[in-house]
Undergrad: 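Here it is: the structure, laid out below.
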Amino acid sequence: MSASNRVVLSSDHAAIELRQTIAAHIATRGWVAVDIGPTTPESTHYPHHGEAAARLVASGDCRFGIILCGTGQGIMMAANKVKGIRCGVCADTFSARMIRQHNDANMLSIGVRVVGEGLALDIVDAFLAAQFEGGRHATRVEMIDALEG
Ligand code: RB5
């Protein structure tokens with residue numbers, strides 16, 4: 001099974017519906033959506049869900065991860081604690097494209113209380129379509145990764 005077209009999705013309770021909408025959307029773009037939940041609306045803890053998605057990206061099981069919480073911030077902070085993860089929160093398509101082109105981000109975080117569904121889908125499309133440019137940016141990404149020790 002190739003990881004190259006697999007995208008893991010995860011969220012806390014705040015973003016279940018948007019996460020499922022994004023999963024269905026990326027499937028129409030040819031990606032395999034690996035939606036690891038949660039599926040029930042009970043209050044839960046975003047660090048757990050951010051870590052779970054990040055582990056699947058860091059292990060190579062999935063090429064990218066898309067994670068969501070109320071702001072996108074807490075779950076992003078958790079994901080970035082996992083070695084090998086570069087995750088950015090995006091509320092605009094320019095940033096979503098640039099974190100791939102310049103930062104080689106392997107995860108995208110979105111705040112369901114920050115952006116509406118239409119913009120969220122555009123952000124996802126921009127992120128998944130962009131390519132890392134390498135060159136001088138590769139040197140800087142290596143510097144980021146070196147901070148992990
Ligand atoms: C949950 O209420 C909220 O704190 C969470 O979704 C997220 O916004 C945290 O960063």
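We count ligands from 1, going down the list as the structure has it; atoms in each ligand are counted the same way. The residues of the chain are indexed from 1 along the displayed sequence.
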Undergrad: Is there a polar contact between ligand 1 and Gly70, counting only N or O atoms under 3.5 Å apart?
TA: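 Yes - when backbone and side-chain N and O of Gly70 are compared with those of ligand 1, one distance drops under 3.5 Å.
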Undergrad: Treating Ser10 as the side-chain partner and His49 as the backbone partner, does any N or O pair qualify as donor plus acceptor under 3.5 Å?
TA: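 Checked: pair present.
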Undergrad: Taking distance alone, with N or O pairs closer than 3.5 Å, would you say Tyr46 contacts ligand 1?
TA: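 Tyr46 vs ligand 1: no N/O contact under 3.5 Å.
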Undergrad: Per the salt bridge (Lys or Arg N to Asp or Glu O under 4.0 Å) rule, what does the pair list look like for residues 33-45, sequence neighbours excluded?
TA: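 Residue pairs with at least one partner in residues 33-45: Arg19-Asp35.
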Undergrad: For ligand 1, which atoms, with element, lie under 4.0 Å from some heavy atom of Arg113?
TA: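 The list of qualifying atoms is 1 (C), 2 (O), 3 (C).
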Undergrad: For atom 8 (O) of ligand 1, grab the closest protein heavy atom and report residue, atom and distance to one decimal in Å.
TA: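 Among all protein heavy atoms, the one nearest atom 8 (O) of ligand 1 is Thr71 N, 3.0 Å.
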Undergrad: So, are Asp61 and Arg55 salt-bridged, with charged N and O less than 4.0 Å apart?
TA: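 No, Asp61 and Arg55 are not salt-bridged.
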Undergrad: Which atoms form the tightest heavy-atom contact between Pro41 and His13, and what is the distance?
TA: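 Heavy atoms only, the tightest pair is O-CB, 3.7 Å.
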Undergrad: A quick test of your reading: do over 12 heavy atoms of other residues, nucleotides or ligands sit less than 6.0 Å from NE2 of His45?
TA: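 No.
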Undergrad: For atom 7 (C) of ligand 1, find the nearest protein heavy atom and state the residue, atom name and distance (0.1 Å precision).
TA: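 Here the closest protein heavy atom is Cys69 SG, 3.3 Å.
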Undergrad: Any idea which atoms of ligand 1 are less than 4.0 Å away from a heavy-atom of Gly74?
TA: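 Those atoms are 10 (O).
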Undergrad: Under 4.0 Å from a heavy atom of Asp12: give me the atoms of ligand 1 that qualify, with their elements.
TA: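 This gives 1 (C), 5 (C), 6 (O) as the contact atoms.
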Undergrad: For Thr39 and Ile16: C-alpha separation, side-chain torsions, deciding distance, then whether side chain to side chain contact (heavy atoms under 4.5 Å, CB included) applies.
TA: CA-CA 7 Å; Thr39 55; Ile16 291 173; 5.6 Å; no
